S.K.: 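Before I ask anything, let me first share the structure, which is written out below as structure tokens.
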Amino acid sequence: MEMTVKLQVFEGPLDLLLHLLEKNKVNIYDIPIVEITNQYMEYIAEMKRQDLNVVSEFLVMAATLIDIKSRMLLPAPETEDEEEEDPRAELVQQLLEYKMYKCMAYELRDRQMDAERVLFKEPTIPPEVAEYEEPINMEELVSDVTLARLNEIFKSIMKKQVDKIDPIRSKFGKIEKEEVSLSDKMAYLENYCLTHSRFSFRSLLEAQAGKMEIIVTFLAILELMKTGKIFISQEHTFDDILIQSKIVA
């Protein structure tokens, strides 16, 4: 089929293909590849006669069309297990994506043209107008306010403040972090051992100020035992543990 294509400027080979599909009113999902390839090649031949420098990317698409055309003309292999792949599938996908971006470009162009017709003006409000404040009529403002109404509003606000208080957490005391150093506690015990050669483990712990200090004191005793500076003993099970100091002045 011969067709005279009026030479016009296209943005690329996909743009030319879309033009041919629209001109022939064919379905993009069922491209008559033989007919479209012939029309495409006629246009390429006309481009070669006018400007060979701009035709390179069009030639790549021409080779793709010829490849698809040859694959469709050849008899398809008989296979029962696999469905035959359409040689045009990849080209159709490229055309659909290109058409989508082209429509988006038209939409952006239309928005730009609409924006060019919009004018903006900086505000020029006179100072006396900008500073004007409508006078307040206090009598009209509090005309429906009574002492009873104010009392209701006050109680409502106070109730909201009470509702914010957690009934359980509000009874918690303030937890303060106890700063107790193991090295300081070991130094304290070494000094204590200089004046107390033999003392009770229980009485030592009971003299501490808090739980954290008791724990650190216990760790300090273990460290001094490891270094051989103190020795512990217990005569009977559940008896008080006695600490024997080996530190001498």
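Keep in mind that this is a model prediction, so the values were computed, not measured. Just the heavy atoms: all of them, side chains too, but no hydrogens, waters or symmetry mates, feed the values below.
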S.K.: Are the side chains of Met186 and Glu223 in touch, meaning some heavy atoms are under 4.5 Å apart?
M.R.: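 In short, these two side chains touch, coming nearer than 4.5 Å.
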S.K.: In residues 89-105, what donor-acceptor pairs under 3.5 Å come from side-chain atoms, sequence neighbours left out?
M.R.:
residue: Gln93; atom: NE2; partner: Glu97; partner atom: OE2; Å: 3.2
residue: Tyr98; atom: OH; partner: Asp15; partner atom: OD1; Å: 3.4
residue: Lys102; atom: NZ; partner: Asp15; partner atom: OD1; Å: 2.5

S.K.: Taking all non-hydrogen atoms of both residues into account, name the closest pair between Lys246 and Gly228 and its distance.
M.R.: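 Reported closest heavy-atom pair: CD-O, 3.6 Å.
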S.K.: Taking Ile232 as the starting point, is it possible to reach Val216 by hopping between hydrophobic residues whose side chains are less than 4.5 Å apart?
M.R.: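 Yes.
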S.K.: Would Phe218 end up clustered with Leu204 when hydrophobic side chains under 4.5 Å apart are linked, directly or stepwise?
M.R.: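 Yes; Leu204 is reachable from Phe218 via cluster members.
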S.K.: Side chains of Lys23 and Gln39, heavy atoms from C-beta outward: is any pair under 4.5 Å?
M.R.: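 A side-chain contact under 4.5 Å is absent here.
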S.K.: Say you draw a straight line from CZ of Arg117 to CE of Met113; how long is it, rounded to the nearest 0.5 Å?
M.R.: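 So the gap between those two atoms works out to 6.0 Å.
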S.K.: For the residue pair Ile230 and Ile221, what are the closest heavy atoms and their distance?
M.R.: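 So the minimum-distance heavy-atom pair works out to CD1-O, 3.6 Å.
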S.K.: In Å, rounded to the nearest 0.5 Å, how long is the span from CD of Gln244 to SG of Cys193?
M.R.: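 If I round to the nearest 0.5 Å, the distance is 9.5 Å.
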S.K.: So do the side chains of Leu17 and Leu65 get within less than 4.5 Å of each other, counting heavy atoms only?
M.R.: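 Sidechains of Leu65 and Leu17: in contact.
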S.K.: With a 4.5 Å cut-off on side-chain heavy-atom distances among I, L, V, M, F, W and Y, is there a chain of contacts connecting Ile243 to Tyr188?
M.R.: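 Yes, one cluster joins them.
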S.K.: Are Met225 and Leu242 co-members of a hydrophobic cluster defined by side-chain heavy atoms under 4.5 Å apart?
M.R.: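 No, Leu242 does not connect to Met225 through the hydrophobic network.
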S.K.: Could you work out, with salt bridge (Lys or Arg N to Asp or Glu O under 4.0 Å) as the rule, every residue matching Arg71, not counting sequence neighbours?
M.R.: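 Partners of Arg71 under the salt bridge (Lys or Arg N to Asp or Glu O under 4.0 Å) test: Asp67.
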S.K.: Sort out for me which residue in Arg202, Arg198, His196 forms a side-chain contact (heavy atoms from CB on, under 4.5 Å) with Ser200.
M.R.: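 Only match with Ser200 under side-chain contact (heavy atoms from CB on, under 4.5 Å): Arg202.
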S.K.: Counting C-beta onward and ignoring hydrogens, is there a side-chain heavy-atom pair between Tyr192 and Ser245 closer than 4.5 Å?
M.R.: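 No, side chains not in contact.
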S.K.: Would you give the length of the straight line joining atom NE2 of His19 to atom OH of Tyr40, rounded to the nearest 0.5 angstrom?
M.R.: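 Atom-to-atom, His19:NE2 and Tyr40:OH are 12.5 Å apart.
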S.K.: Flag yes if Leu20 and Ile66 sit in one hydrophobic cluster, no otherwise; membership is Ile, Leu, Val, Met, Phe, Trp, Tyr, and two members link when side-chain heavy atoms are under 4.5 Å apart.
M.R.: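 Yes, one cluster joins them.
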S.K.: Determine the minimum heavy-atom distance between Leu189 and Ala220, stating which atoms define it.
M.R.: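 Taking every non-hydrogen atom into account, CD1-CB, 3.5 Å.
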S.K.: Is the closest side-chain heavy-atom distance between Lys69 and Asn38 below 4.5 Å?
M.R.: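 Heavy-atom side-chain distance check passes, below 4.5 Å.
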S.K.: Answer yes or no: does atom CG of Leu108 have more than 12 heavy-atom neighbours from other residues, nucleotides or ligands under 6.0 Å?
M.R.: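 Atom CG in Leu108 is crowded, with more than 12 foreign heavy atoms closer than 6.0 Å.
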S.K.: Quick one: does any side-chain atom of Asn24 pair with a main-chain N or O of Val26 as donor and acceptor, under 3.5 Å?
M.R.: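 Checking the backbone N and O of Val26 against the side chain of Asn24, no donor-acceptor pair under 3.5 Å is found.
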S.K.: Can you confirm whether Val118 sits close enough to Asp114 that some side-chain heavy atom of one is under 4.5 Å from a side-chain heavy atom of the other?
M.R.: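 In short, these two side chains do not touch, never coming nearer than 4.5 Å.
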S.K.: List for me each residue that meets side-chain contact (heavy atoms from CB on, under 4.5 Å) alongside Thr64, sequence neighbours excluded, and say none if there are none.
M.R.: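 Thr64 satisfies side-chain contact (heavy atoms from CB on, under 4.5 Å) with Met61, Ile68 once adjacent residues are dropped.
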